[in-house]
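Each remark here refers to the structure printed beneath this line.
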There are 2 protein chains.
Amino acid sequence: MPHRLVTVEPRRAFREPGVARDEVMFVRSGLLSKFKTDGAGRRQIVALRFPGDGILPREGEADYGIQAIVRSEVLVGRAEDFDPIVEQNPEMAKFFWKLTQRHNSIGYEWLVNCGRRDSVARVAHLLCETAERSGADVLADGLANPFTQQQIADITGQTSVNVNRVFADLERQGLIRREGKHIFFEDWNELRRVGSFQPGYLQ
Amino acid sequence: MPHRLVTVEPRRAFREPGVARDEVMFVRSGLLSKFKTDGAGRRQIVALRFPGDGILPREGEADYGIQAIVRSEVLVGRAEDFDPIVEQNPEMAKFFWKLTQRHNSIGYEWLVNCGRRDSVARVAHLLCETAERSGADVLADGLANPFTQQQIADITGQTSVNVNRVFADLERQGLIRREGKHIFFEDWNELRRVGSFQPGYLQ
DNA sequence: CAAGTATAATAACATGGATAAAGTTTTGGG
DNA sequence: CCCAAAACTTTATCCATGTTATTATACTTG
């Protein structure tokens with residue numbers, strides 16, 4: 001399938017919401033976010049795309065924008081090239097179907113996170129999920145936290161001020177330890193408990 | 001495709017979360033909800049299924065439960081019968097693909113709703129979305145509100161006490177009028193504005 | 001029809017996070 | 001290497017929403 005490799009820098013939106021798009025994207029390295037804004041312009045990050053994840057085409061204009069969390073390499077192809085491949089290849093179709101279902105499950109869990117958990121639990125849950133999805137051996141090496149506190153706020157539906165408080169809290173409780181942007185999990189089990197993180201939804 | 005017609009009563013869970021399922025369902029009439037619970041047992045409704053919507057099978061156990069909002073007629077088939085039909089029929093595949101994308105978009109919008117809007121806006125937004133999805137001529141006839149206030153709380157991530165306050169508020173502001181469970185939209189445009197409801201995401 | 005249960009409405013009180021403002025540290029582009 | 005911009009941190013204040021409780025009303029079901 002014809003495609004080009006694009007390096008996406010964080011800090012500027014890579015794709016704006018509300019613009020017609022007919023692209024397929026695959027994350028090769030880095031981390032992308034999908035975001036929307038409410039009427040008053042406040043941003044909500046609605047999904048993350050790790051390496052191996054794709055951003056599949058939509059008919060009409062996409063209602064979300066795309067922004068890199070860290071510098072990312074993205075393979076970009078055209079929907080018209082992608083669609084027939086999936087149509088003619090049942091294994092492909094199945095693969096993307098499962099991927100979409102996985103993203104769906106994560107979306108449901110995020111809704112529970114925003115709707116029903118307090119701020120500490122939300123951040124704890126996000127840290128656990130990110131640790132799992134990043135594929136690193138977090139117990140040994142910790143997590144190279146890719147997010148700014150504002151981004152964590154945009155994911156968990158809070159303000160950056162409160163995220164800062166929550167981090168201080170988690171550290172004071174001895175659940176995490178921070179060295180710069182690196183996070184070590186001092187008490188993984190307790191962090192999971194606090195965030196009521198049950199990784200089953202990641203399948 | 002072989003299937004059976006099931007009448008689902010509200011008030012009891014139709015399917016519990018965390019149980020293996022290999023069913024496809026199609027809503028013929030009524031209204032279903034998908035729900036999850038956080039660690040502390042607090043419920044979050046993560047999706048609604050109106051007539052014409054389907055609930056497609058997942059591999060492994062479903063992490064969500066299903067409960068009817070109102071008495072519903074549901075066609076239930078088996079995943080093993082459904083899958084080959086979709087695989088062999090590109091138009092079918094395309095139809096379900098689009099349906100899934102629509103549900104996805106709605107999920108993103110719900111996340112914005114829970115994460116970034118205040119309680120009045122959340123309820124206003126839900127009312128607008130429900131009015132649109134129900135397909136009724138809401139300007140003329142209003143909406144036969146299918147939800148309890150507790151269910152609205154479970155959708156919008158609040159408590160039922162606060163939902164009650166919000167309804168009183170919307171009524172006092174002259175945006176809606178209630179007669180029993182029926183809601184008349186006295187100022188649809190203002191309600192849309194308050195909920196920052198942009199129906200584009202419904203496609 | 002009676003009894004039990006869910007829903008709705010309202011009140012009083014508690015509190016988690018928002019908001020605002022300002023200072024400090026880190027980052028990255030030129 | 002330096003400077004400007006971004007990110008982080010902290011404090012003070014306040015209000016929107018949670019919590020808990022009570023009562024009235026309307027369903028459901030035996």
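Quantities reported herein were computed from a predicted structural model and do not represent experimental measurements. Labels below follow one simple rule: chain letters A, B, ... track the order of the sequence lines, proteins then strands, and each chain is numbered from 1.
- Annotation for B:Arg133: atom CZ counts as buried by contact number, over 12 foreign heavy atoms lying within 6.0 Å.
- Comparing B:Ser119 and A:Ala168, the nucleotide of DNA chain D nearest to each residue sits closer to the 5' end for A:Ala168.
- Residues satisfying the side-chain hydrogen bond (donor to acceptor under 3.5 Å, both in side chains) test with A:Asn164, not counting sequence neighbours, are A:Gln149.
- Here B:Arg12 lies in heavy-atom contact (under 4.0 Å) with sugar-phosphate atoms only.
- Two residues are said to be in side-chain contact when any heavy atoms from C-beta on lie closer than 4.5 Å; A:Ser72 and A:Arg49 fail this criterion.
- D:dT17 atom C1' lies 6 Å from atom CZ of B:Arg165, rounded to whole Å.
- Within the structure, every pair that satisfies the salt bridge (Lys or Arg N to Asp or Glu O under 4.0 Å) test and touches residues 146-160 of chain A, not counting sequence neighbours, is listed here: A:Asp154-B:Arg116.
- Note that CG of A:Asp38 and CZ of B:Arg122 are 11.0 Å apart. Values are rounded to the nearest 0.5 Å.
- As rounded to whole Å, 17 Å separates atom C1' of D:dC8 from atom CZ of A:Phe147.
- When DNA chain C is scanned 5' to 3' for any atom under 4.0 Å from a heavy atom of chain B, the first and last hits are C:dA6 to C:dA12.
- Under the ring pair (Phe, Tyr, Trp, His ring centres under 6.0 Å) criterion, the residue pairs touching residues 151-185 of chain A are A:His182-A:Phe184, A:Phe185-A:Trp188, with sequence neighbours excluded.
- Using a 4.0 Å cutoff on non-hydrogen atoms, the parts of residues 150-161 of chain A near DNA chain C are A:Gly157, A:Gln158, A:Thr159, A:Val161, ordered by number.
- Taking the side chain to side chain contact (heavy atoms under 4.5 Å, CB included) definition, one finds that B:Ser119 meets it with B:Gln158, B:Asn162, B:Val166, sequence neighbours left out.
- The existence of a salt bridge linking B:Glu109 and B:Arg117 is confirmed by a sub-4.0 Å separation between a basic side-chain nitrogen and an acidic carboxylate oxygen.
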In a table with atom names and distances, give each donor-acceptor pair under 3.5 Å that connects a side chain of residues 21-31 of chain B to protein atoms at least two apart or in another chain.
from, atom 1, to, atom 2, distance (Å)
B:Arg21, NH1, B:Glu16, O, 3.1
B:Arg21, NH1, B:Tyr64, O, 3.4
B:Arg21, NH2, B:Tyr64, O, 3.1
B:Glu23, OE1, B:Arg15, NE, 3.1
B:Glu23, OE2, B:Arg15, NH2, 2.8
B:Ser29, OG, B:Glu73, N, 3.4
B:Ser29, OG, B:Glu73, OE1, 2.8

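- Taken over five-pair windows at either terminus, the axes of the helix from C:dC1-D:dG30 to C:dG30-D:dC1 are inclined to one another by 70° (rounded to 10 degrees).
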N/O donor to acceptor pairs below 3.5 angstrom from side-chain atoms of residues 174-181 of chain B, sequence neighbours left out:
from, atom 1, to, atom 2, distance (Å)
B:Arg177, NH1, B:Glu179, OE2, 2.6
B:Arg178, NE, B:Glu171, OE1, 3.1
B:Arg178, NH2, B:Glu171, OE1, 2.9
B:Lys181, NZ, B:Phe147, O, 2.5

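- Here D:dA6 presents its C1' atom at 13 Å from CD of A:Gln67, a figure rounded to the nearest Å.
- Applying the side chain to side chain contact (heavy atoms under 4.5 Å, CB included) test to A:Ala93 and every residue at least two apart in sequence or in another chain returns A:Val86.
- Proximity of A:Asn164 to the phosphate of D:dT9: a side-chain N or O atom is located under 4.0 Å from OP1 or OP2.
- Put simply, NE2 on A:His182 is 19 Å from C1' on D:dA7, counting in whole angstrom units.
- Listed by residue number, the members of residues 169-181 of chain B with any heavy atom below 4.0 angstrom from DNA chain C are B:Arg178, B:Lys181.
- Between B:Phe167 and B:Arg11, the one whose closest nucleotide on DNA chain C sits nearer the 5' end is B:Arg11.
- A:Phe197 places none of its side-chain heavy atoms less than 4.5 Å from the side chain of A:Leu191.
- Judged as a side chain to side chain contact (heavy atoms under 4.5 Å, CB included), and not counting sequence neighbours, the contacts of A:Asp137 are A:Leu139, A:Ala140, A:Asp141.
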